[in-house]
Amino acid sequence: MQVGRLGSPEDTVCPDDAVSLSVAAAGFHGPVSRNVGHEAKGAWELLRFLGLHMSLSTPLSCRFYSKDSEGSWFRSLFVHKVDPRKDAHSTLLSKKETSNLYKIQFHNVKPECLDAYNSLTEAVLPKLHLDEDYPCSLVGNWNTWYGEQDQAVHLWRFSGGYPALMDCMNKLKTNKEYLEFRKERSKMLLSRRNQLLLEFSFWNEPQPRAGPNIYELRTYKLKPGTMIEWGNNWARAIKYRQENQEAVGGFFSQIGELYVVHHLWAYKDLQSREETRNAAWRKRGWDENVYYTVPLVRHMESRIMIPLKISPLQ
């Protein structure tokens, strides 16, 4: 049997036996007899050294090998081995000079209750934001305009990390006004979920800004194990998205659904968003970032959001 290129989509390999296929995969070309002779002995010893164990007595059926087949056994010979790291991804990617922890909340509100929900929220949450006894602050509060409808999104910052978060939680357990607020709010909700986030070291830290603006929250669910690669690419690419001050903040999840990235952008309106995004494609290097990061994504979502009256990001 003569084996040519192995692994291309258009090639079908029908090996006469396991040895022929194994030797071909190791880079040897030409016929190999079932009666392993002098010529094949060296190749077989190489395969044994590589740890490839296949039966000489059982012929293999014709199989189709694709370059894109993740499960092809011979690809394991060439797979890149990731060096073990001594630091967690969160340590490598997050800001060293701050110990901020962020919490993002998604509240799905009963359609008939959205106005009442907004009014209740605007009456209570600013008190926590302004109370110095609580080490937390509002970053932004929005209603989703395009995306999931009848939804509120809240972003909090805890200055001091997890200890600050626990301090707030313990104090809120005895805050009668807040407990009453939660009870009343629960009647208006269909569902809610949250995540704890860290901010990327190369992104802007979210700061209050004057409006009016619309905000886009772009959420990327990455393939496990790709967060470092995502960060490396965006650390180079963020400079292409700074000219109009549209970059507000970039975060990655720590608790909740993992390998999730949130990018928050601000625009004057939808037309400004369109023009700003198109301008990025005219900058050399932006296309390269997109090329290398798109394969890392399992799912992505965009929300266009309108800030509430209490939001520091207007």
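We count residues from 1, following the sequence as given. Heavy-atom basis, side chains included; hydrogens, waters and symmetry copies ignored.
A perpendicular orientation is assigned to the rings of His263 and Phe200, their planes being inclined by more than 60° (bins at 30° and 60°). Using cut-offs of 30° and 60° on the angle between ring planes, the pair Trp234 and Trp286 is perpendicular.
Counted within 6.0 Å of NZ on Lys309, heavy atoms from surrounding residues, nucleotides or ligands total 12 or fewer; the atom is thus considered open. Shown here is Phe106, whose CZ atom has more than 12 heavy atoms of other residues, nucleotides or ligands within 6.0 Å.
The heavy-atom pair separating Ser311 from Val139 by the smallest distance is OG-O, 4.4 Å. Between Val297 and Lys223, the shortest heavy-atom distance links the atoms O-CE, 4.4 Å. Taking each heavy atom of Gly231 and Phe202 in turn, the nearest pair found is O-CE2, 3.5 Å. Nearest heavy-atom pair across Pro212 and Lys268 is O-CD, 3.8 Å. Residues Arg209 and Ala247 come closest through the heavy atom pair NH2-O, 3.8 Å. For the residue pair Lys171 and Asp133, the shortest heavy atom distance occurs at NZ-O, 2.5 Å.
At least one side-chain heavy atom of Pro206 sits less than 4.5 Å from a side-chain heavy atom of Phe251. Looking at heavy atoms from C-beta onward, Phe252 lies in side-chain contact with Leu198 at the 4.5 angstrom threshold. Side chains of Thr144 and Asp150 form no contact here, defined as non-hydrogen atoms less than 4.5 Å apart. Using a 4.5 Å heavy-atom cutoff, the side chains of Ser159 and Asn100 are in contact. At least one side-chain heavy atom of Leu138 sits less than 4.5 Å from a side-chain heavy atom of Leu125. Side-chain contact between Asn213 and Tyr267: absent, with no pair of heavy atoms (C-beta onward) separated by less than 4.5 Å. Side-chain contact between Arg303 and Thr219 is present, with at least one heavy-atom pair separated by less than 4.5 Å. Residues Glu288 and Arg236 fail the side-chain proximity criterion, which asks for heavy atoms closer than 4.5 Å.
Hydrophobic clustering places Trp265 together with Leu270 (ILVMFWY residues linked when any side-chain heavy atoms are closer than 4.5 Å, directly or through intermediates). Cluster annotation: Leu172 and Leu101 are assigned to the same hydrophobic cluster (Ile/Leu/Val/Met/Phe/Trp/Tyr, side-chain heavy-atom contacts under 4.5 Å, transitive). Val109 and Phe181 fall within a single hydrophobic cluster, where Ile, Leu, Val, Met, Phe, Trp and Tyr are joined by side-chain heavy atoms under 4.5 Å apart, directly or via other members. Clustering ILVMFWY residues whenever any of their side-chain heavy atoms sit less than 4.5 angstrom apart, transitively, puts Met300 in the very cluster that holds Trp281.
A salt bridge is defined here as a Lys NZ or Arg NE, NH1 or NH2 lying under 4.0 Å from an Asp or Glu carboxylate O, and Glu184 with Lys187 meets this definition. Between Lys221 and Glu301 there is no salt bridge, since no side-chain N of the basic residue sits under 4.0 Å from a carboxylate O of the acidic one. Arg273 has no carboxylate O lying under 4.0 Å from a charged side-chain N of Glu275, or vice versa, which leaves the two without a salt bridge. The existence of a salt bridge linking Glu205 and Arg157 is confirmed by a sub-4.0 Å separation between a basic side-chain nitrogen and an acidic carboxylate oxygen. A salt bridge links Arg241 and Glu246; the closest N-O separation between the charged side-chain nitrogens and carboxylate oxygens is under 4.0 Å.
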### Task
Given ring-ring contact (aromatic ring centres under 6.0 Å, His included), test Tyr215 with Trp142 step by step and report yes or no.
CA-CA 9 Å; Tyr215 290 82; Trp142 303 270; 5.8 Å; yes
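In this structure, the separation between CG on Asn232 and CG on Asn289 is 11.0 Å, given to the nearest 0.5 Å. From Glu122, atom CD reaches atom CG of Leu308 across 5.5 Å, with rounding to the nearest 0.5 Å.
With 3.5 Å as the limit, one finds no donor-acceptor pair spanning the side chains of Arg193 and Gln105. Under 3.5 Å, the side chains of Asp167 and Tyr134 contain no donor-acceptor pair of N or O atoms. Defined by atom type and a distance below 3.5 Å, a donor-acceptor pair is missing between the side-chain atoms of Asn233 and Thr293. Inspection of the Asn108 and Gln149 side chains reveals no N or O donor paired with an N or O acceptor under 3.5 Å.
Proximity of the aromatic rings of Tyr220 and Trp230 is defined here by a centroid distance below 6.0 angstrom, and this criterion is met.
The list of ring pair (Phe, Tyr, Trp, His ring centres under 6.0 Å) pairs with a residue in residues 153-174, not counting sequence neighbours, reads His107-His154.
In terms of modelled atom types and a separation under 3.5 Å, the side chain of Tyr240 and the main chain of Arg284 share a donor-acceptor contact.
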